[in-house]
Novice: 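One structure, pasted below without further comment.
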Amino acid sequence: MGTPAFACPSLEALLAGPDPVVGVVCQPDRARGRGLAVAAPEVKRLAVARGLPVLQPERLRDPGFAPALRALAPDLVVVAAYGKILPRWILDLPRHGCINVHASLLPRHRGAAPIPWAILAGDAATGVTIMAMAEEMDAGDVLLARATPIDAEDTAGTLGARLATLGAAALVEAIDGLKAGRLRPVPQPAEGVTFAPRLTHEQGRLDWSRPADELCRVVRAFAPTPGAFTTLAGRILKIHRARPEAAPPGAPPGTVVHAGADGIVVAAGGGALRLLDVQLEGRRRLAAGAFLAGHPLPAGTCLGAR
RNA sequence: CGCGGGGUGGAGCAGUCAGGUAGCUCGCGAGGCUCAUAACCUCGAGGUCGGUGGUUCAAAUCCACCCCCCGCAA
């Protein structure tokens with residue numbers, strides 16, 4: 001059971017393994033994007049390409065779903081970013097239970113958005129955890145965890161891709177371990193629990209009164225989508241890539257203190273943020289130099305005015 | 001039929017409303033200045049203005065249809 005791209009490497013890994021994948025469950029196709037075209041989730045596209053049966057219940061208690069899932073008779077259910085809370089009856093259905101691929105080192109960052117939250121928190125490292133699912137969200141016993149350092153250039157995109165791969169490998173390892181009987185579920189420590197709820201678009205708005213290194217983390221956590229943003233003359237300006245640095249003294253937060261091919265330097269609450277890749281609403285993403293060719297930014301221009 | 005912005009020399013933009021010589025900031029090439037330079041000055045190359053059709057003496061500009069890119073909202 002999984003829905004977005006994060007779950008695809010895990011599904012691929014299962015397909016490559018010795019155990020048959022009897023079916024795939026993902027969220028329903030949704031009207032999304034420009035023009036509200038109906039689009040299938042990434043996992044469904046992969047499953048369909050591999051000829052797997054796909055279930056897409058709107059609600060898990062839809063009358064047709066339970067019989068359909070039971071008919072697949074899974075011995076084990078693997079969940080990776082499915083997007084719905086599983087009720088008791090599903091957790092109890094497979095003989096070997098349900099295991100989950102979670103993109104953090106539990107008990108840190110329980111919830112829907114562990115990857116951006118790890119970046120926002122300034123964590124030096126994060127990872128994936130394979131756990132035996134319990135009713136409480138992301139609180140199940142840990143079977144296996146694998147860490148990866150968070151690089152200063154990492155974005156939610158790059159980190160997510162890496163964790164998806166790491167998660168797939170850990171999943172295979174965990175299943176092997178379970179079959180060999182050498183994996184023992186370990187309860188999560190009571191200390192160190194944090195929560196990583198879904199991010200709202202508004203949380204990507206850069207508050208220039210905040211320190212530059214914090215703003216830089218927001219940029220990385222929101223990249224590539226939905227993107228951190230500020231405003232320029234009332235229009236949304238997305239910031240795709242930026243770097244924190246020391247600020248010249250005296251410039252009020254949000255003020256452009258330098259603009260050139262080497263970046264647009266904006267004063268923050270502490271230090272300054274050098275904008276490297278930006279995108280004006282309705283326009284393409286551009287490097288600072290290219291952006292400035294058509295949108296001159298005199299020093300003193302203020303960003304983020306409301 | 002969700003709302004909206006856009007496609008103009010290699011890059012980014014103006015010009016479109018009030019049809020009539022293709023503009024700006026860069027990049028590129030040549031020359032000059034300079035101890036020197038990514039700086040500065042001069043000159044230059046480079047565009048069937050997304051596509052098709054229509055209106056017109058004349059279309060980047062007006063009309064119709066199509067293709068592509070992007071922001072918002074979900």
Side-chain angles (χ1 to χ4, degrees), chain A residues 2-7 25-45 54 56-60 62 81-85 111-113 115-116 155-158 160 196-208 215-216 218-243 245 248 254-266 272-306:
Chain A
T3 300
F6 174 81
V25 182
C26 65
Q27 298 269 9
D29 294 1
R30 289 267 155 71
R32 56 178 174 171
R34 218 167 286 123
L36 296 182
V38 174
E42 283 79 354
V43 163
K44 181 187 183 181
R45 281 182 238 157
V54 177
Q56 297 178 276
E58 191 65 49
R59 297 156 180 264
L60 295 176
D62 283 351
Y82 172 54
K84 290 186 191 300
I85 309 281
I115 298 166
T155 64
T158 61
R198 262 188 70 113
L199 295 168
T200 65
H201 186 266
E202 192 59 23
Q203 282 172 284
R205 181 189 293 272
L206 297 177
D207 175 356
W208 294 106
L215 295 177
C216 183
V218 173
V219 169
R220 291 162 53 215
F222 279 75
T225 55
F229 66 101
T230 184
T231 55
L232 170 62
R235 303 166 77 186
I236 289 176
L237 182 71
K238 283 195 178 187
I239 312 301
H240 291 285
R241 200 161 62 89
R243 205 163 44 220
E245 57 185 54
T255 305
V256 173
V257 295
H258 166 86
D262 56 345
I264 299 162
V265 180
V266 183
L273 198 62
R274 181 178 291 269
L275 315 183
L276 301 171
D277 288 312
V278 302
Q279 179 178 22
L280 199 58
E281 66 179 79
R283 295 298 191 161
R284 294 166 181 276
R285 169 179 179 163
L286 296 173
F291 177 80
L292 291 169
H295 305 87
L297 278 186
T301 302
C302 192
L303 299 183
R306 312 194 56 169

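The sequence lines fix the lettering, A, B, ..., with proteins before strands; numbering per chain opens at 1.
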Novice: Please lay out, stage by stage, how Leu273(A) and Ile264(A) fare under the test side-chain contact (heavy atoms from CB on, under 4.5 Å).
Specialist: CA-CA 8 Å; Leu273(A) 198 62; Ile264(A) 299 162; over 6 Å; no
Novice: Less than 4.5 Å apart, any side-chain heavy atom of Phe229(A) and any of Gln279(A)?
Specialist: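 Contact flag for Phe229(A)/Gln279(A) side chains = no.
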Novice: I'd like the P distance from rA39(B) over to rU25(B), given in whole Å.
Specialist: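 Nearest-Å result for rU25(B) against rA39(B) at atom P: 15 Å.
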Novice: Counting any heavy atom closer than 4.0 Å, what does Arg284(A) reach on the DNA or RNA strands: base, sugar-phosphate only, or nothing?
Specialist: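 The residue Arg284(A) makes sugar-phosphate contact but no base contact.
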Novice: Say we look at rA22(B) and rU48(B): how far apart would their C1' atoms be, to the nearest angstrom?
Specialist: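 Those two atoms are separated by 14 Å.
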Novice: For Gly294(A) and for Pro226(A), locate the closest nucleotide of RNA chain B by heavy-atom distance; then report the residue assigned to the nucleotide nearer the 5' terminus.
Specialist: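 The residue whose closest nucleotide sits nearer the 5' end is Gly294(A).
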Novice: Heavy-atom nearest nucleotide on RNA chain B for Leu280(A) versus His295(A): which residue maps closer to 5'?
Specialist: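 Comparing both residues, the 5'-ward one is His295(A).
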Novice: Go through RNA chain B in 5' to 3' direction and return only the first and the last nucleotide with some atom under 4.0 Å of chain A's heavy atoms.
Specialist: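 In short, chain A contacts RNA chain B from rG2(B) to rA74(B).
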Novice: Using both distances under 3.5 Å as the test, list the Watson-Crick or G-U wobble partner of rU48(B), or none.
Specialist: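 With both distances under 3.5 Å required, rU48(B) matches none.
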Novice: Using a cut-off of 4.0 Å on non-hydrogen atoms, how would the nucleic acid contact of Gly289(A) be classed: base, sugar-phosphate, or nothing?
Specialist: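 Answer is nothing: Gly289(A) stays at 4.0 Å or more from every strand.
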Novice: Would you say Glu58(A)'s side chain and Pro28(A)'s backbone share a donor-acceptor pair under 3.5 angstrom?
Specialist: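 Looks like no, no N/O pair under 3.5 Å.
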Novice: When the P atoms of rC62(B) and rU21(B) are considered, how many whole Å apart are they?
Specialist: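 Taking atom P in both rC62(B) and rU21(B), they lie 15 Å apart.
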Novice: Say you pick atom P in rA74(B) and the same atom in rG27(B); how far apart are they, in whole Å?
Specialist: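 My reading of the P atoms in rA74(B) and rG27(B) gives 43 Å.
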Novice: In whole Å, measure the gap between the P atoms of rG44(B) and rG23(B) for me.
Specialist: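 Pairwise P distance, rG44(B) against rG23(B), rounds to 12 Å.
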Novice: Mind listing the side-chain donor-acceptor pairs of residues 281-294 of chain A below 3.5 Å, one per line with the distance, residues two or more places apart or on another chain?
Specialist:
from: Glu281(A); atom 1: OE1; to: Ile236(A); atom 2: N; distance (Å): 2.7
from: Arg285(A); atom 1: NH2; to: Asp277(A); atom 2: OD2; distance (Å): 3.3

Novice: Just name whichever nucleotide pairs with rG29(B), Watson-Crick or G-U, keeping both distances under 3.5 Å, else none.
Specialist: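 Its partner is rC43(B) (Watson-Crick or G-U wobble, both distances under 3.5 Å).
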Novice: Between rC33(B) and rC26(B), how far apart are the P atoms? Round to whole Å, please.
Specialist: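 Pairwise P distance, rC26(B) against rC33(B), rounds to 23 Å.
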Novice: Are any of the side-chain heavy atoms of Pro41(A) and Gln56(A) separated by less than 4.5 Å?
Specialist: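 Yes. Closest side-chain heavy atoms under 4.5 Å.
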Novice: If you define the side chain from C-beta out and look only at heavy atoms, does anything of His240(A) sit under 4.5 Å from Lys238(A)?
Specialist: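 Yes, side chains in contact.
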Novice: On a whole-Å scale, what distance lies between the C1' atoms belonging to rG51(B) and rG7(B)?
Specialist: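 Taking atom C1' in both rG51(B) and rG7(B), they lie 11 Å apart.
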Novice: Any chance you could lay out the side-chain contact (heavy atoms from CB on, under 4.5 Å) test for Val256(A) and Leu303(A), step after step, and finish with the verdict?
Specialist: CA-CA 7 Å; Val256(A) 173; Leu303(A) 299 183; 4.3 Å; yes
Novice: Does rC3(B) have a Watson-Crick or wobble partner in any strand here, with both distances under 3.5 angstrom, and which is it?
Specialist: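 Pair assignment: rC3(B) / rG71(B).
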Novice: Using the C1' atom in both, what is the distance from rC70(B) to rC57(B), to the nearest Å?
Specialist: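 These two C1' atoms come out 39 Å apart once rounded.
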Novice: Would you please name every residue forming a salt bridge (charged side-chain N to carboxylate O under 4.0 Å, His left out) with Glu245(A), sequence neighbours left out?
Specialist: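 Salt bridge (charged side-chain N to carboxylate O under 4.0 Å, His left out) check on Glu245(A) returns Arg274(A).
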Novice: Return the pairing partner of rC35(B) with a 3.5 Å limit on both distances, Watson-Crick or G-U wobble; otherwise return none.
Specialist: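 Result: none.
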Novice: Categorize Leu286(A) for me: base, sugar-phosphate, or nothing, with a 4.0 angstrom heavy-atom threshold over every strand shown.
Specialist: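 Sugar-phosphate, no base atom in range.
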Novice: What nucleic acid atoms does Arg30(A) come within less than 4.0 Å of, heavy atoms only: base, sugar-phosphate, or nothing?
Specialist: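 Counting heavy atoms under 4.0 Å across all strands, no contact is made by Arg30(A).
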